[in-house]
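Structure first, then comments.
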Number of protein chains: 2
Amino acid sequence: MSQTTRADARKNRDLLLAAAAELVAEHGTDASLRDIARRAGVGIGTLYRHFPTREALLETLLNANFDVLRARADSLLASPVPSDALLTWLGELAAGAATYQGLPESIMNALANEESGLHASCAGMRSAGGRLLERAQQAGSVRSDVTISEVIALALGLAWAAERSVDASDLVARMLSTTMYGLADRGQ
Amino acid sequence: MSQTTRADARKNRDLLLAAAAELVAEHGTDASLRDIARRAGVGIGTLYRHFPTREALLETLLNANFDVLRARADSLLASPVPSDALLTWLGELAAGAATYQGLPESIMNALANEESGLHASCAGMRSAGGRLLERAQQAGSVRSDVTISEVIALALGLAWAAERSVDASDLVARMLSTTMYGLADRGQ
DNA sequence: ACCTGAACACCGTTCAAGT
DNA sequence: ACCTGAACACCGTTCAAGT
């Protein structure tokens, strides 16, 4: 743990993250890792030393966002109408996933693949959402045969569709509320 | 239009299409064009001569499928319950898009981009679906503020989500009928 | 301990050279 | 008219060589 080398390494790490934030904003989740290293003014090997996989880099970059989403789910547990709380949260998930091009896909892959460097963050967010869904189901306002994975897949699928739609301005919100209406438990 | 050279060219074209069918089935819409040329036993330049873009190749490969979908929409126009007809068709669209990995994305891109070699096929299919939607709306069973583009985006978004879901066996069908329920016109 | 960049095995795409 | 494959400009990823 020598001081000088650590400071250097940390500075490179920060430069890489700043460059990654820029390039992911410009070119999405698939931004060239070489470009990121280049913009950071650092060798490509240094990028790989700090972030062994693209997912590990995204994890560090997006960790805060997932935390916010997780915290939001927790605080929405206290809101009065369970099904509204779930709908609100799904809308925020979709909006969050629309932050960067390709992010819906990255999250979806991370949820399906435990080896992904993004898995932990995404799975944490998913369980937080799961509690929100459970509450809505126990309140009798959402069908009991729906899983949190399905409902998240739906929200991300809509975010994905909106991302490559021409007139998609409010598509996500409309489709989500429409779908929530369809998910209502009508006691069959 | 000399005979011999034409026969040669046509044979190469057929070899390329056969190879493309195999490799797209194996690796999806993003299959390596080099691999396709390789498996066809043909130079990469020959592939580009016959199919100037990846979309042009996909167009030839999938043309028949889009035709079927278009014809289906037309014949469903005669079925008794307009909203059921629409739901059935959207289900078949989603199922068709699930044929190859990446196909939902290719179709979505083609619909948004008039320059795409896939645009004509996809747009034709879209208008056929549009007539189905219109009929359901005129029958008063689907809200009038919904567009065919939105409804197709929804179906493809679900197909996309199912494609990268673990437990997605019947996700598309369930979500589609659920959503159609939400799209019902309740006369507001 | 950390950094660098050449090296490797791939892409998509173009185009001079061949028949 | 058609075919070929080298060439170019890119990737992601690894690893020997440097400090």
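Numbers restart at 1 for each chain; the letters A, B, ... are given by sequence-line order, proteins then strands.
With sequence neighbours excluded, no residue forms a side chain to side chain donor-acceptor pair (under 3.5 Å) with A:Asp84. In this structure, B:Arg49 has no side chain to side chain donor-acceptor pair (under 3.5 Å) partners at least two apart in sequence or on a different chain. Under the rule for a side chain to side chain donor-acceptor pair (under 3.5 Å), the partners of B:Arg38 that lie at least two apart in sequence or sit in another chain are B:Asp35.
A salt bridge between A:Asp14 and A:Lys11 is absent, with no side-chain N of the basic residue lying under 4.0 Å from a carboxylate O of the acidic one.
Mapped onto DNA chain D by nearest heavy atom, B:Arg13 and A:Arg38 fall at different nucleotides, with B:Arg13 at the one closer to the 5' end.
Between A:Ser32 and D:dC10, a side-chain N or O to OP1/OP2 separation shorter than 4.0 Å is absent. Side-chain nitrogen and oxygen atoms of A:Asn12 include at least one within less than 4.0 Å of the OP1 or OP2 phosphate oxygen of C:dC3.
A:Leu15 and A:Leu33 end up in different hydrophobic clusters when Ile, Leu, Val, Met, Phe, Trp and Tyr side chains are linked at under 4.5 Å.
Looking at A:Ile107, A:Leu111, A:Thr147 one by one, the single match for side-chain contact (heavy atoms from CB on, under 4.5 Å) with A:Ile152 turns out to be A:Leu111.
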Per-residue pairing states of DNA chain D in dot-bracket (Watson-Crick or G-U under 3.5 Å; . unpaired, | other strand) read ||.|||||...|||||.||
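For DNA chain D, the neighbouring residues in residues 39-57 of chain B, judged by any heavy atom under 4.0 Å, are B:Val42, B:Gly43, B:Ile44, B:Gly45, B:Thr46, B:Arg49, B:His50. Less than 4.0 Å separates DNA chain D from no heavy atom of any residue of residues 14-27 of chain B.
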